[in-house]
Amino acid sequence: MCLAVPGKVLDIEDRDGTRMATVDFGGVLKEVCLEYLPDLRVGEYAIVHVGFALQRLDEESAQRTLRLFENLGMLEEEFGDPWAAAAATPEVGR
Amino acid sequence: MKYIEEFQDPRLAQRLLDEIHATVTRPWAMMEVCGGQTHSIIRHGIDQLLPDQVELIHGPGCPVCVTPLEVIDKALEIASRPDVVFCSFGDMLRVPGTGRDLFQVKGEGGDVRVVYSPLDALRIAQQNPDKQVVFFGIGFETTAPPNAMTVYQARKLGIRNFSLLVSHVRVPPAIEAIMRSPSCRVQAFLAAGHVCSVMGTAEYPELAERFKVPIVVTGFEPLDILEGVRRTVGQLERGEHTVDNAYPRAVRPEGNPAAKAMLQDVFEVTDRAWRGIGTIPDSGWRLSERYREYDAEHRFAVGSITTEEPAACRSGEVLQGLIKPHECEAFGTVCTPRNPLGATMVSNEGACAAYYLYRRLGGPTAHKETSPVG
């Protein structure tokens, strides 16, 4: 769960006084809070953890990491259906 | 075991490995304190590519694994209430409490929801004013700022039906506890990259100096780990013990100042129990006085729940590097990802689960790789 995934900022808007962005993670789009990197701009990359941009990242290393995660199936693990994953494990004590 | 051809840049990987092999002259034991690194090390067989003299000890770096059974039981109690919507990250669903888990609570009618971000839970609270919405706030310094921001927003927007069940933990006190243990074998640390993306590196020079251990900030991709190990072995062989940053593309010395300021406002340092290890002084955060009304433990009066951990589970010894997962008698026999005794066998960042999934171990517990991408 400490996985932090690089993503590209597509657009930025103010919501309830909070700076929010749409961020592209190798084709998966998510809402991300920019309050901890307020000067992040459209087109830039950042490391995102549970919907929060935590640190800026250069484009080249961001794309290299995204390719690796995609090859390893880690984007599916991060953004896939958690109920399906949990259901694949039988119940405690059975 | 994986092969070096599967690394993103096999030639660079081989160069780093060659240098580590050429540098090392005697046995060294280093600990990583990051579940993502542990998973990556086992998945890619990095420990098997390293010289025999370099031992990686898998420390208590998986947040799911160190969350105490007692806190899981409190979560299950709160999630079972009819007036509650209980929100969590997906990897907590299968962590066993006493006799059941969150997945079963949902099956029994509890309103348990998985969210991507804690802000999603806050939105659920806004949409369900007649419900109490609780978010399960676990994790290290990487996850604490998002949860802190969510509580801050709840207060700012006047959303009173939201609360946080908090069990946040901090890496530096865990390093100190490990070094103080009489049975400690650790001679160096790979510090968790994304923890340092938030906190920076200022907490570590004092630890490196006091315990005479190199501390190398390391990322969790395979090449990052090799680079962290290379720098650590270099320091050990030269008799140095400094803080070094092997993950500069994501870690600045000052960390993320805005996130650190929010942590300081919303949380205060407190003693925390670590599953399998016990209480470590000053090793966690709780909500500060200003935000105490958002603390789910107070709101739902579950403070009286106390739970002992099962004696058969030796996860505490695994987390302190005293045994490897397969050296536990229960490993692969009575304890499997399908029927886990402890959280280290549940989370995919746990050392036991990683060994079970990616290691072919001899004897009756032998297990083929089941990873879909294996």
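Residue numbering restarts at 1 for every chain, and letters A, B, ... go by the order of the sequence lines.
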Applying a strict 4.5 Å limit to non-hydrogen atoms, the region of B:Val112 in contact with chain A is both

Check your understanding: Hey, are A:Glu44 and A:Arg56 close enough for a salt bridge, meaning a charged N less than 4.0 Å from a carboxylate O?
Key -> yes

Honestly, the part of B:Glu141 sitting under 4.5 Å from a heavy atom of chain A is neither

Cut-off 4.5 Å, heavy atoms of chain A, and the answer for B:Pro145 is both

Interface check, chain A: of B:Leu341, B:Val251, B:Val114, most non-hydrogen pairs under 4.5 Å belong to B:Val114

So, the part of B:Val198 with a heavy atom under 4.5 Å from chain A: the answer is side chain

| Is the closest basic N to carboxylate O distance between B:Glu221 and B:Arg249 below 4.0 Å? | yes

Expected contact set for residues 31-40 of chain A against chain B at heavy-atom separation under 4.5 Å reads A:Glu31, A:Cys33, A:Glu35, A:Tyr36, A:Leu37

Residue set satisfying ring pair (Phe, Tyr, Trp, His ring centres under 6.0 Å) with A:Phe79, at least two apart, ordered chain then number -> A:Phe25, B:Tyr116

Classify the angle between the aromatic ring planes of B:Tyr247 and B:His194 as parallel (below 30°), tilted (30 to 60°) or perpendicular (above 60°). tilted

Quiz item: Is the number of heavy atoms from other residues, nucleotides or ligands under 6.0 Å of B:Glu108 CD greater than 12?
Solution: yes

Highest number of heavy-atom pairs under 4.5 Å with chain A among B:Gly107, B:Gly35, B:Pro118 belongs to B:Pro118

Quick note, salt bridge (Lys or Arg N to Asp or Glu O under 4.0 Å) partners involving residues 258-267 of chain B, not counting sequence neighbours, are B:Asp265-B:Arg290

A:Tyr45 meets the ring pair (Phe, Tyr, Trp, His ring centres under 6.0 Å) criterion, sequence neighbours left out, with none

Q.
Using a strict threshold of under 4.0 Å (side-chain N to carboxylate O), is an ion pair present between B:Asp101 and B:Arg94?
A. yes

If one checks every heavy atom of A:Ile47 against chain B at 4.5 Å, the contacting part turns out to be side chain

A:Arg15 atom CZ, neighbour heavy-atom count above 12 within 6.0 Å: yes

